[in-house]
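One structure is given here, and the rest of the page talks about it.
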Amino acid sequence: MTVDKQTEEKLIALLKQKINRQLLYYLDICARCAICRDACHQYVATKDVHYLPAYRAELIRRIYKKYFTRTGRIIPSLYEGKEITDDLLDELYKVTYACTGCRRCMFYCPFSIDTTWVLSVAKTILIAAGKGSPILTELADAAIEKGKNIDLFKGIMLDILKDTERKLQEKVGDPKATIPVEKEDSNLLYVALSGEHTILPAAIIFHQAKENWTLSLFEASNYGYFLGDTAKAKTIAQRIVDEAKRLKVKEVVVTECGHAHRVFKFFYESWAKEKYPFQVSSILEIIHRYLKEGRINLNSKYIKEPVTYHDPCQIGRNYGVFAEPRDIISQVSADFREMNPQREKNWCCGAGGGVVAQPDLDEFRIKTGELKVKQIRQTGAKIVVSPCENCRLQIETLNEKYNLGIRISSIMDLVAYSLLIPREQS
Amino acid sequence: MDWFSFLVAGVMVYLAVFVFITGMLYQIYRWLSVPKTNVRLGIFPKPKSKTARLLKLAKDSFIFPQAFEIDRKMWFFAILFHFALLAVFIGHLRLIQEFSFLFNILGNKGVERFAFISGGSMGIILTVALLYYFSRRFKSPYKDLSVPEDYLLLILLMLVVTMGNHMRFFGDVRVADYREYVHSLFVFKPAFNLGLSVSLSKYSLVAHVFFANLLFIYFPFSKLVHAIGTFAANLIRSE
Amino acid sequence: MAEEIKVDLELNLKGLLCPLPMVRVSQNIKNVPVGGIIKATATDPGSLADIPSWAKSTGNEILKSERIGPEIIFYIKRIK
């Protein structure tokens, strides 16, 4: 059934707004060769055409042809140009919110078509039609709500941080070690995730490197970005940008969280139409910098078990950090093994793009994680290191469901633990 | 020239050239009139220098090595098809002016033989590649992805190539006669000379030109704009 | 005081990291009637701010939250 006239007009006007040159290229030039077939882990695992990258984008292309091209208006059937119907929106929902945004299809496409860029348009339309992912909407709204009421929560958060701080002092053996919050003129603002596991190891590393740092009150993750709602995504990220400006920090450091890397490095400035007065870096780059400058020294090759590294798509292919984590791992590990394929060709873990937060995709992500399982098994590694919370949650699920018998670690944990060994041994 | 030939191999050629050129210009204008997003959409690792970026662009656009890694069969036929197309295009330039350097080396007979072998084999390669493209469209998942445009273009291409092959393998007309026809187009007095008029090849020529005209007319409004769009899109890859 | 709250559904969210505690609560709130109460036990300290924020933005109500050792317990009332 076609959506009502008013909705149709609204959606088309919105689509028109979203059109940019890159999108036009992507919509106009796809040859439907489907070379992307074997690039997408979801298609490979399901053989369902809905998950073929070219098909996902084709759904938007059909709307575009019908409403935005001359020939498509005259002879829509030539391109299967389609009016916006509820069925089409439902199909769009299925292909769009399942996409992990890994952009492996873009890597292999002969024209480098960025399917996720096309799908970001699909998300805009879905949201406007009242069909955005409900759970991602709730999570995004919760983050915005937290931003609005930060003074209400600050007390509780500082209270929890006291616990973490005590642990830090104990671990590093320094009763004066602190986890500074809202400290002006710090060198860097560290943006963690909610939860101690991303704060404590970083605090240990910063303490050992004698860094002048401060912890952000907000978490790096951005469900507005996953939802595809630019306004919400901007509001969520802005909490941190404002904080960084207020504290006059030189550098904003993003924790091991894939999509946050991309949001802060590539998206926010465009959303907000402004230039940062600070730098954005990955915690991996910071750790690597400390090692190079000799500010921290790792306990050499203390891990004897075989270790492998999973390149998070948003940190490798889509952000460009490949060498640093490998360098760090091989300093502490005697037996580092690469996955095959790796780096820019690495398979997605299967749960990026907000998939991990959508319960109706739980089975799907376990099924489509089979390629990752195979890769991990092939390495024979006992420890899988990955600097993305999303990837780690997924690999932990896979570990459980496929009985991989592995342990999963962040880079920060490896480093922090390595830093502490000499102390614990003495 | 009979009236039908005059319409198809004369008037329609001008129309096709006109539509093709204005259509492509319109398409480029359409692209350039829309602002780019300033989100950098590139993927890593990115080439470091400007030269490296251009080299990568050329590599990605002309031989798309990444596709080779995951779909060798399709890559093979795509490369075959596109390079044969390029060769055939160059071959057709002989209808404007004889390649004198070849003529000097090989002599008259030699050039004819070379043209027969190269043109003939390219014609066969194109046919084979098109048949592969076509058969692929009938299998899942390609079938579910394909739209009428895909079949239409393949059919048009096949008709053009088949008619070309027909002239190449069964024709009894010499290159000079075709060249005379092409020259007549240039001076806006389209005509077939006597040799061409009385030959059966006239019919395959008219059909060849007819389908080629249709292809050129549709080109700017089809996915074939990837012929130029690929450079723009592949450049975004390293932004 | 805790005994006075009549709980319709208990959720064990121990060991779950953000965003999963919120996701599970959101999923399960549909399983209690309007006016019903969920008792959710989490260990992720982040949920101390996350769950109340979620409740506020979805229009549900946190009746009470308490910390017992590493455990954080929420009593969430479904309002709509």
Side-chain angles (χ1 to χ4, degrees), chain A residues 133-164 167 192-200 217-223 226 232 236 257 351 354-362 389-390 392-393 396-397 410, chain C residues 1-2 9-32 34 36 38 40-80:
Chain A
S133 160
I135 185 68
L136 294 179
T137 308
E138 280 183 26
L139 293 173
D141 289 345
I144 293 169
E145 197 61 41
K146 181 177 159 186
K148 276 192 222 153
N149 302 294
I150 191 63
D151 292 327
L152 207 71
F153 298 123
K154 212 193 273 175
I156 314 171
M157 288 164 64
L158 295 180
D159 198 33
I160 305 168
L161 274 179
K162 284 285 160 244
D163 285 354
T164 314
K167 285 182 198 161
L193 295 169
S194 64
E196 195 178 77
H197 64 296
T198 60
I199 298 172
L200 184 56
L217 289 168
F218 302 99
E219 68 287 349
S221 53
N222 191 324
Y223 288 93
F226 288 149
K232 285 182 180 169
I236 293 169
C257 169
V355 168
V356 79
Q358 299 175 69
D360 47 339
L361 291 175
D362 276 351
E389 180 92 344
N390 214 313
R392 284 196 302 269
L393 273 170
E396 253 154 40
T397 310
S410 64
Chain C
M1 287 291 281
L9 184 68
E10 283 203 37
L11 285 182
N12 179 0
L13 310 174
K14 288 179 222 170
L16 292 182
L17 295 175
C18 170
L20 297 180
M22 268 188 285
V23 173
R24 295 282 176 267
V25 171
S26 163
Q27 250 182 309
N28 282 287
I29 197 90
K30 296 172 197 111
N31 299 336
V32 297
V34 172
I38 289 184
T41 309
T43 49
D44 175 19
S47 56
L48 267 169
D50 288 346
I51 301 268
S53 302
W54 169 86
K56 217 159 174 214
S57 66
T58 51
N60 291 294
E61 193 186 336
I62 303 286
L63 295 179
K64 186 180 153 182
S65 65
E66 54 189 5
R67 290 178 72 192
I68 303 173
E71 290 182 2
I72 305 153
I73 301 159
F74 294 99
Y75 294 89
I76 308 154
K77 184 174 177 187
R78 178 171 176 186
I79 299 293
K80 53 183 190 183

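Order of the sequence lines fixes the chain letters, A, B, ..., with proteins taken first and strands second; residue numbering starts at 1 for each chain.
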task: Could you tell me which of A/S221, A/P359, A/A143, A/G147 has the largest number of non-hydrogen atom pairs under 4.5 Å with chain C?
output: A/P359

field: Euclidean distance, C/I51 CD1 relative to C/D44 CG, rounded to 0.5 Å
entry: 9.0 Å

message: With a sphere of 6.0 Å drawn around NZ of A/K232, does it hold more than 12 non-hydrogen atoms of other residues, nucleotides or ligands?
response: yes

message: So C/F74 and C/P52, do their side chains get closer than 4.5 Å, heavy atoms only?
response: yes

Least distance between heavy atoms, A/A142 atom then C/M22 atom: CB-SD, 3.8 Å

task: Name the option with the most non-hydrogen atom pairs under 4.5 Å to chain C; the candidates are A/D141, A/L393, A/T137, A/I160.
output: A/I160

- request: Using non-hydrogen atoms and a 4.5 Å limit, figure out which bit of A/E389 sits close to chain C: side chain, backbone, both or neither.
  value: side chain

message: Need one label for C/T58: side chain, backbone, both or neither, based on atoms under 4.5 Å from any heavy atom in chain A.
response: side chain

- prompt: What residue, out of A/H197, A/E196, A/M157, has the most heavy-atom pairs lying under 4.5 Å from chain C?
  reply: A/H197

message: What part of A/I156 gets within 4.5 angstrom of chain C, counting heavy atoms only: side chain, backbone, both, or neither?
response: side chain

- request: Measure the shortest side-chain to side-chain distance between C/L13 and C/V25 over non-hydrogen atoms and say whether it is less than 4.5 angstrom.
  value: yes

